[in-house]
Amino acid sequence: MFNKVLIANRGEIALRILRACKELGIQTVAVHSTADAEAMHVRLADESVCIGPPAARDSYLNMHEILAACEITGADAIHPGYGFLSENAKFAEILEAHNITFIGPSAEHIRIMGDKIAAKKTAKELGIPVVPGSEGAVVDPVEAKKIAADIGYPVLIKAASGGGGRGMKVAMTEADIVEALHTARSEAGAAFGDDAVYIEKYLSKPRHIEIQVLGDGKGGGVHLWERDCSLQRRHQKVWEEAVSPALDDKARRRIGDICAKAVQGLGYSGAGTVEFLYEDDEFYFIEMNTRLQVEHPVTEMITRIDLVNEQLRVASGNGMSFEQSDVQLFGHAIECRINAEHPETFVPSPGTIQYYHPPGGLGVRVDSGVYQGYVIPPHYDSLIGKLIVHGRTRPECLMRLRRSLDEFVVDGIETTLPLFRKLVANEDIQKGDYDIHWLENYLAKS
Ligand code: ADP
């Protein structure tokens with residue numbers, strides 16, 4: 001096992017990683033910007049190094065400073081968390097060249113999955129069902145029209161280097177193709193420095209269902225069931241649950257097995273998520289994330305497996321602590337992402353937390369780095385914590401979630417807690433009857 005791990009992230013995920021390291025007896029190094037000197041994970045880490053000013057490009061994305069912090073402290077591995085450098089193949093390669101372990105998959109796998117066209121091709125070769133669409137990048141409008149006519153309208157034009165839902169354009173009919181192709185390409189070029197786009201069928205009312213996988217890098221690989229992340233605003237997940245209210249056991253095992261086999265076929269190492277759209281009992285691959293996800297705790301709650309512990313085991317060469325047949329499924333879990341934002345306008349609300357009282361009790365987990373008196377800096381994303389609740393059944397989980405939300409007090413700033421209090425009381429949510437457009441429609445009406 002590692003002696004010392006440097007955590008190249010901030011906020012709740014830095015604390016989450018620190019906890020797993022502590023349980024394994026691993027020394028921890030926190031790196032932080034000047035804006036995060038008072039963060040909880042910085043206080044709890046064995047050592048801390050300030051790596052730069054608030055702007056992420058000068059601190060959390062600054063590879064040279066992070067590498068220097070590693071050499072100064074003698075850390076033998078880096079956990080990148082999510083976001084920042086977690087899916088940066090170059091960073092993984094630089095670490096390898098310096099004999100520092102990147103806690104994640106190989107640079108090659110990060111690179112393949114970071115290019116959506118290559119990812120889709122690889123997925124198809126591995127036997128994963130994909131959304132019908134173009135084989136590769138599309139430039140010519142005439143070719144685009146031909147492909148769209150073959151798969152049927154509406155179609156979606158997507159950026160090969162896309163992320164965060166940007167660079168996507170829908171064409172409802174052939175008349176829209178020329179403009180949609182042009183806009184998607186120029187948006188993609190401006191946002192990602194790569195104007196390659198591809199075409200796929202636009203699904204009208206899918207759910208977002210993703211499979212958690214874990215590979216040992218030597219051909220071993222498992223799945224840990226699915227998460228339903230259909231409740232999204234602007235393609236950002238808001239509420240995640242495991243298991244999906246839309247899947248039966250047969251569908252769940254079918255897609256899980258496909259993903260586990262794909263992980264084995266790839267020789268994938270570490271944690272990953274295979275994302276699908278699900279409509280009319282069919283799964284359609286959209287992308288693979290080669291890192292730990294924000295919503296990983298719901299999987300931990302239903303499997304009782306510590307995913308960060310497994311990441312550390314695999315990366316240090318100790319292999320996974322379990323096999324597929326050991327993966328059980330206990331009850332139901334729901335996660336609410338608590339953002340420092342106005343619950344109706346979603347305008348960010350940084351500032352000082354005057355009073356903080358998180359909920360507790362059976363089946364309640366709060367992953368957050370904030371505390372009373374903590375000042376939320378304005379420089380980063382607005383996630384301040386996650387409330388994760390577990391129950392033996394979905395109704396029990398919802399009942400406990402409602403109780404926990406009532407108990408949760410964060411004063412001094414605006415948070416999205418009031419939105420979740422409304423959602424948990426909503427009939428469609430209680431029935432589990434929602435698709436990826438449900439939340440936007442609900443917010444537009446209320
Ligand atoms: P990004 O990496 O930008 O998040 P994704 O491919 O993961 O891009 O897609 C983001 C979201 O866009 C999905 O969760 C879904 O809401 C929507 N989306 C993507 N592909 C399709 C499709 N073929 N049909 C309908 N909606 C889609």
Side-chain angles (χ1 to χ4, degrees), residues 82-83 86-88 110-124 128-135 137-138 144 147-148 150-172 176-177 180-181 183-185 187-211 226-241 244 246 272-280 282-291 293-295 337 381 434-443:
Y82 52 68
S86 62
E87 289 174 296
N88 188 313
I110 298 174
R111 199 161 273 136
I112 293 172
M113 296 304 169
D115 175 339
K116 296 198 169 192
I117 294 175
K120 209 170 159 182
K121 186 167 167 280
T122 307
K124 214 169 158 184
I128 296 176
V130 301
V131 191
S134 61
E135 288 289 331
V138 178
I147 294 165
D150 281 352
I151 56 180
Y153 287 93
V155 297
L156 189 62
I157 303 181
K158 298 172 77 172
S161 303
R166 284 180 305 164
M168 273 189 237
K169 284 282 162 285
V170 183
M172 296 307 292
D176 304 332
I177 282 280
L181 186 66
T183 327
R185 290 192 64 198
E187 268 187 30
F192 313 110
D194 169 16
D195 67 359
V197 298
Y198 61 106
I199 301 182
E200 62 184 33
K201 178 147 194 66
Y202 178 73
L203 302 165
S204 60
K205 46 174 182 41
R207 297 182 77 114
H208 174 114
I209 293 183
E210 56 184 39
I211 311 297
E226 81 278 9
R227 295 183 286 260
D228 193 320
C229 313
S230 302
L231 290 174
Q232 302 181 0
R233 180 182 166 268
R234 299 201 175 159
H235 300 299
Q236 298 291 320
K237 297 162 188 169
V238 170
W239 158 307
E240 301 102 344
E241 53 186 302
S244 169
T273 298
V274 190
E275 296 194 338
F276 294 92
L277 294 177
Y278 176 75
E279 189 172 274
D280 298 330
E282 297 287 344
F283 291 94
Y284 302 95
F285 171 87
I286 46 172
E287 66 171 337
M288 179 169 183
N289 292 316
T290 51
R291 54 167 162 84
Q293 305 261 117
V294 176
E295 60 273 22
R337 296 194 190 193
D381 76 47
Y434 54 81
D435 61 28
I436 59 168
H437 305 297
W438 188 93
L439 185 60
E440 296 269 11
N441 291 335
Y442 170 85
L443 292 169

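These numbers were taken from a predicted model, which means no experiment stands behind them. Note that ligands are numbered from 1 as they come in the structure, with each ligand's atoms numbered from 1 the same way.
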Could you state the interatomic distance from [atom1] ([X]) to [atom2] ([Y]), rounded to the nearest 0.5 Å?
| X | Y | atom1 | atom2 | answer |
| --- | --- | --- | --- | --- |
| Arg207 | Glu226 | CZ | CD | 10.0 Å |
| Ile128 | Thr122 | CD1 | OG1 | 9.0 Å |
| Tyr284 | Glu200 | OH | CD | 11.0 Å |

Counting each atom of ligand 1 from 1 as listed, which ones have a heavy atom of [X] under 4.0 Å away?
| X | value |
| --- | --- |
| Gln232 | 14 (O), 16 (O) |
| Glu275 | 7 (O) |
| Ile436 | 15 (C), 16 (O) |
| Tyr202 | 24 (N), 25 (C), 26 (N) |
| His208 | 14 (O) |
| Glu287 | 1 (P), 2 (O), 4 (O), 5 (P), 7 (O) |

Check your understanding: Any Lys/Arg nitrogen of Arg291 or Glu87 sitting under 4.0 Å from an Asp/Glu carboxylate oxygen of the other?
Key -> yes
Point to revise | Check ion pair Lys237-Glu275 (N to O, under 4.0 angstrom) | key: yes
Review point. Do any heavy atoms of Gly163 fall under 4.0 Å from ligand 1?
Key: yes
Can you report which non-hydrogen protein atom sits closest to [atom], along with the distance?
| atom | answer |
| --- | --- |
| atom 3 (O) of ligand 1 | Gly165 N, 2.5 Å |
| atom 25 (C) of ligand 1 | Leu203 O, 3.3 Å |
| atom 13 (C) of ligand 1 | Ile286 CD1, 4.0 Å |

Review point. Of Glu440, Lys158, Lys116, His235, which has the heavy atom at the shortest distance from atom 1 (P) of ligand 1?
Key: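 Heavy atom nearest to atom 1 (P) of ligand 1 belongs to Lys116.
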Review point. With respect to atom 18 (N) of ligand 1, which of Asn289, Val131, Leu277 exhibits the smallest heavy-atom separation?
Key: Leu277
**Study point:** Minimum heavy-atom distance between Gln293 and Tyr82, given as atom pair plus value
**Key:** C-CD2, 4.1 Å
Practice item. Report the part of Lys201 in contact with ligand 1, treating N, CA, C, O as backbone and CB onward as side chain, heavy atoms under 4.0 Å; options are side chain, backbone, both, neither. Key: backbone
Point to revise | From Asp435, Asp228, Ile209, residue fulfilling side-chain contact (heavy atoms from CB on, under 4.5 Å) relative to Tyr278 | key: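 Among Asp435, Asp228, Ile209, the one that satisfies the side-chain contact (heavy atoms from CB on, under 4.5 Å) with Tyr278 is Ile209.
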Practice item. Say whether Met168, considering both its backbone and side-chain N or O atoms, lies within less than 3.5 Å of an N or O atom on ligand 1. Key: no
Check your understanding: Are any side-chain N or O atoms of Ser134 and backbone N or O atoms of Tyr198, one a donor and one an acceptor, separated by less than 3.5 Å?
Key ->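 Side chain of Ser134 to backbone of Tyr198: no pair is present.
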**Study point:** Any donor-acceptor pair under 3.5 Å from His437 side chain to Ser204 backbone
**Key:** yes
